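The structure under discussion appears below in the form of structure tokens.
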Number of protein chains: 2
Amino acid sequence: MYERYYGILSHILINVGIYGKLNTSTVKLAKALGSTQQTISRKLIEMGNLGLIKREVNVNGVSLQLDCKGLNILKNQYRIMKTGFETRVKSIKGEVRSGLGEGRYYVSLPGYMEQFKKRVGFKPFPGTLNFFVEDYERMMFFLQNLEEIFITGFKTKERTYGSIRTFKAKIDNLKAAVVIPERARHPKGIFEIIAQHNLRNKLKLKDNDKVVITC
Amino acid sequence: MYERYYGILSHILINVGIYGKLNTSTVKLAKALGSTQQTISRKLIEMGNLGLIKREVNVNGVSLQLDCKGLNILKNQYRIMKTGFETRVKSIKGEVRSGLGEGRYYVSLPGYMEQFKKRVGFKPFPGTLNFFVEDYERMMFFLQNLEEIFITGFKTKERTYGSIRTFKAKIDNLKAAVVIPERARHPKGIFEIIAQHNLRNKLKLKDNDKVVITC
DNA sequence: ATTACTAAGAGGCGAGTAG
DNA sequence: TCTACTCGCCTCTTAGTAA
């Protein structure tokens, strides 16, 4: 609902804020928004009738101001986006799981290992610790908080290896990184983490033990 | 451009953030967004083709993830709104001007005066100081920073008096308020400010003197 | 220069339905 | 169930043009 008016509403907002009157013309607006004079003219009339904007026509063009309803539409949209972008999850709880040993194989490949060493800040132990996170959505917002390092894929004569999304994190205050291979299919909620040492030994972890990953 | 996809894009963002995969179905999405299964299905295909989302169809429904382009669209829109809503202008420069004495008349009306006393925190001197602001847009963002008090209009036997947007501010560290009558037509950039005392006397101001209004 | 009407064509929407 | 196609309807867009 009202999405078709977002362009004009935001244009007013960014130019004169929530209280100001924007003196412009349908031609200028059309150019700014990649539309036509006729379409803008019609939309402004509609928006006026809907109570989204206050609109005054004068000899130089039109004077536009956000009206309550239009302002609320923008505010709601802003609130949604703010939640999405600014939600800060500082830590996440997981349970240790056994993987299939694939992580060990991939991490140990020089094509990945060299990039980890150079860009993540440690030479990873050739193996991954798998863990399960109950609240997948929360995990995603946790990842948004972490510094992302993009490990690029590579090719050998035999096959292609995909890229790996890598997020710097900490486990028990040890430097670590959550790794999400572009192509790998884990069951939902299963993630992998790498660190300089064998985490199972170093932290004395066994399956189903609780772990906390932090920023 | 792409406004028609904002609903779906924001829905993904708020549910699983910028990295997550959202497991849903076209029916669920349609209900959540007030649309129909067919329309959502078609839009998802379009969005996939446009590179806005990564889309996987499975037996339970669809799995959706923001793709670079879709994420950038959201980020741009967010940036625009953030600028519009969060721009913080702490002070504004103006030059003293002479008004037409209307301010004096209106402020002194009991219908307004009582509200000022009760809600703005001082009994205003019956007169306004007019000032001119070069950067109208900046002034609007300055106003956004101030506490707004809405002074409602009233009727007498003779006529109707409109409402006055009132913003608490300071001039030379004195409590004051910028007043913008709903109906009054000032030339662009001309504003009025009220305070407990006669500002022209108290601050020894004459026309064209510089003043600074602060939060 | 403006805004905005008209009319025709483009394109989105959703009921029905296949797979 | 699910997705997604077809097709009729209707809305939106835009060129032309009036005021």
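Please read all numbers here as calculations on a predicted model, not as lab measurements. Proteins get letters first, then strands, A, B, ... in listed order; numbering begins at 1 in each.
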Item to complete: To the nearest Å, give me how far apart CD (B/Glu46) and P (D/dT3) are.
Response: 16 Å

Item to complete: Decide whether B/Tyr6 and A/Gln77 meet the rule of one side-chain donor and one side-chain acceptor closer than 3.5 Å.
Response: no

Discussion item. Once you measure the plane-to-plane angle for A/Tyr78 and B/Tyr78, does it fall in the parallel (<30°), tilted (30-60°) or perpendicular (>60°) bin?
Written reply: parallel

Worksheet item: Testing A/Glu192, A/Glu148, A/Glu182 for salt bridge (charged side-chain N to carboxylate O under 4.0 Å, His left out) with A/Arg165, which one passes?
Response: A/Glu148

Item to complete: Using a 4.0 Å heavy-atom cut-off across all strands, classify A/Thr39 as base, sugar-phosphate, or nothing.
Response: base

Worksheet item: For the side chain of B/Thr36, counting heavy atoms from C-beta on, which of C/dA4, D/dA4, C/dG14 is nearest?
Response: C/dG14

Item to complete: Check the distance between C/dC13's C1' and A/Met1's CE and give it to me in whole angstrom.
Response: 16 Å

Fill in: Nearest listed nucleotide, side chain of B/Arg42, among C/dG14, D/dA4, C/dT3
C/dG14

Discussion item. Base, sugar-phosphate or nothing for B/Ser25? Non-hydrogen atoms, less than 4.0 Å.
Written reply: sugar-phosphate

Discussion item. When you measure only distances, ignoring hydrogens and angles, does the side chain of B/Gln38 come within 3.5 Å of the base of C/dG16 through a donor and an acceptor?
Written reply: yes

Discussion item. What's the closest nucleotide to the side chain of B/Arg4 if the choices are C/dA4, C/dC13, D/dT3?
Written reply: C/dC13

Practice prompt. Salt-bridge test for B/Lys54 and B/Glu56: reply yes if a basic N is under 4.0 Å from a carboxylate O, no otherwise.
Written response: no

Discussion item. Taking the minimum atom-to-atom distance to the side chain of B/Val62, which one of C/dC13, C/dT3, D/dT3 wins?
Written reply: D/dT3

Worksheet item: Starting at CG of A/Asn23 and ending at C1' of C/dT2, how long is that distance when rounded to a whole Å?
Response: 14 Å

Fill in: Closest to the B/Val57 side chain, choosing from D/dA15, C/dT2, D/dT3
D/dT3

Practice prompt. Name the nucleic acid region contacted by A/Lys43, choosing base, sugar-phosphate or nothing; use a 4.0 angstrom heavy-atom cut-off, strictly under.
Written response: sugar-phosphate

Worksheet item: For the side chain of B/Gln37, counting heavy atoms from C-beta on, which of C/dA4, C/dG14, D/dA4 is nearest?
Response: D/dA4

Discussion item. Closest approach to the side chain of A/Ser35, judged atom by atom: which nucleotide of D/dT3, D/dA4, D/dT14 is it?
Written reply: D/dT14

